[in-house]
Amino acid sequence: MKNPFLKFPFWFNFILLIIFLPISTFTLIFGFAHVVEAIRQSIKGVTPPPDAFEGGIIVMSLCLIGIITLLITIGTFLAILGGKNKS
């Protein structure tokens, strides 16, 4: 599949990279940290609080947002590298 970010100019890809890189790192760090903590608590046998289902939905959405923004970040980075190789 062709990279859709190759159509955009260099400065636009650079701005997208600056915006999405911190978003992806923040959401992935916090999402996966909470997933690891939930797994650790379930192994210990700790009873989850009553609002654990809502927290699980939030954590899974954080991980999903992080993965999507990471893919966008990788696509813009490859487009920036591909644009430099063409010129």
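Side-chain heavy-atom separations under 4.5 angstrom define the hydrophobic clusters, and the remaining members of the one that includes Phe20 are Phe5, Phe8, Trp11, Phe12, Ile15, Leu16, Ile19, Ile23, Leu64, Ile68, Ile72. Grouping Ile, Leu, Val, Met, Phe, Trp and Tyr residues whose side-chain heavy atoms lie under 4.5 Å apart, directly or via other members, leaves Ile65 alone, with no other cluster members.
Taking each heavy atom of Ser24 and Leu21 in turn, the nearest pair found is OG-O, 3.0 Å. What you find for Cys63 and Leu28 is that their closest heavy atoms are O-CD2, 4.1 Å. The two residues Ala79 and Asn13 come nearest to each other via the heavy atoms CB-ND2, 3.6 Å.
Sorted by first and then second residue, the side chain to side chain donor-acceptor pair (under 3.5 Å) pairs involving residues 33-43 (not counting sequence neighbours) are Glu37-Arg40, Glu37-Gln41. Listed by first and then second residue, the side chain to side chain donor-acceptor pair (under 3.5 Å) pairs involving residues 51-80 amount to none (not counting sequence neighbours).
The distance from atom CG of Leu70 to atom CZ of Phe77, rounded to the nearest 0.5 Å, is 12.0 Å. Distance check: Leu62 CG to Ile57 CD1 gives 12.5 Å after rounding to the nearest 0.5 Å.
By the criterion of side-chain heavy atoms lying less than 4.5 angstrom apart, applied directly or through intervening Ile, Leu, Val, Met, Phe, Trp or Tyr residues, Ile43 is not grouped with Val36; the two fall into different hydrophobic clusters. Under the 4.5 Å side-chain contact rule for hydrophobic residues, Ile39 and Val59 share a cluster.
Partners of Phe26 under the ring pair (Phe, Tyr, Trp, His ring centres under 6.0 Å) rule, at least two apart in sequence or in another chain, are Phe30. Here Ala33 pairs with nothing under the side-chain contact (heavy atoms from CB on, under 4.5 Å) rule; sequence neighbours left out.
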